[in-house]
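Let me begin by presenting the structure, written as structure tokens, before commenting on it.
We count residues from 1, following the sequence as given. The figures that follow rest on heavy atoms only: side chains count, while hydrogens, waters and symmetry mates do not.
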Amino acid sequence: MRAIASQKRMGRIRVAVRRAFILSSGEPICVGDVLKRAYPRLKRFQHWHRWSVRRALLSDGEVVGRRGFGRGRANLWAPKAK
């Protein structure tokens with residue numbers, strides 16, 4: 001039996017997102033922060049790694065701003081208000 005990626009479930013990527021929010025101490029995080037926690041053995045990430053993290057962030061967080069510098073100006077994410 002295979003898991004359907006679009007269904008809401010508590011997988012290891014969503015766990016990594018929640019842990020990144022806890023470790024940030026209230027500061028906004030970006031996708032790169034979660035990538036290091038979700039895939040610790042990889043040095044380079046493919047597009048589907050980023051897509052998986054973004055999908056988990058969409059379910060657990062919300063965009064609060066953009067980075068002020070850097071290539072592509074990544075979104076800054078904060079946990080959703082419950």
Side-chain angles (χ1 to χ4, degrees):
M1 185 165 183
R2 293 184 180 206
I4 299 173
S6 63
Q7 287 183 345
K8 305 287 184 199
R9 62 185 181 91
M10 187 53 70
R12 67 182 187 87
I13 306 299
R14 283 187 67 192
V15 169
V17 166
R18 289 189 179 192
R19 288 181 179 170
F21 280 134
I22 291 169
L23 288 176
S24 72
S25 302
E27 295 292 320
I29 63 172
C30 65
V31 172
D33 300 333
V34 181
L35 279 170
K36 294 172 192 170
R37 179 160 296 284
Y39 304 102
R41 294 182 181 187
L42 298 179
K43 301 223 185 285
R44 294 185 54 95
F45 306 105
Q46 295 183 4
H47 72 279
W48 61 271
H49 293 123
R50 295 181 189 282
W51 180 251
S52 296
V53 169
R54 185 176 189 279
R55 190 172 53 227
L57 279 166
L58 283 170
S59 64
D60 290 338
E62 58 188 3
V63 176
V64 293
R66 305 278 307 267
R67 281 264 162 121
F69 60 90
R71 186 175 179 188
R73 291 190 50 198
N75 287 334
L76 295 175
W77 297 82
K80 282 186 179 177
K82 292 181 182 179

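Residues Trp51 and Leu42 do not share a hydrophobic cluster, clusters being chains of Ile/Leu/Val/Met/Phe/Trp/Tyr side chains in contact below 4.5 Å. Linking ILVMFWY residues whenever their side-chain heavy atoms come closer than 4.5 Å, directly or via other members, places Leu57 and Val63 in the same cluster. By the rule that hydrophobic residues join a cluster once side-chain heavy atoms approach within less than 4.5 Å of another member, Trp77 and Val15 end up as members of separate clusters.
For the side-chain hydrogen bond (donor to acceptor under 3.5 Å, both in side chains) test, residues two or more places apart in sequence or in another chain that qualify with Gln46 are Trp48. Residues forming a salt bridge (Lys or Arg N to Asp or Glu O under 4.0 Å) with Arg14 (at least two apart in sequence, or on another chain): Asp60.
Checking side-chain atoms of Arg37 against main-chain N and O of Val17 turns up no donor-acceptor pair under 3.5 Å. Distance alone, capped at 3.5 Å, places no donor-acceptor pair between the Arg73 side chain and the Arg66 backbone.
Between atom CZ of residue Arg54 and atom OG of residue Ser59 there is a gap of 11.5 Å, rounded to the nearest 0.5 Å.
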Please list, one pair per line, the donor and acceptor atoms closer than 3.5 Å that link side chains of residues 18-36 to other protein atoms, with sequence neighbours excluded.
from: Ser24; atom 1: OG; to: Phe21; atom 2: O; distance (Å): 2.8
from: Ser24; atom 1: OG; to: Glu27; atom 2: O; distance (Å): 2.9
from: Asp33; atom 1: OD2; to: Cys30; atom 2: N; distance (Å): 3.2

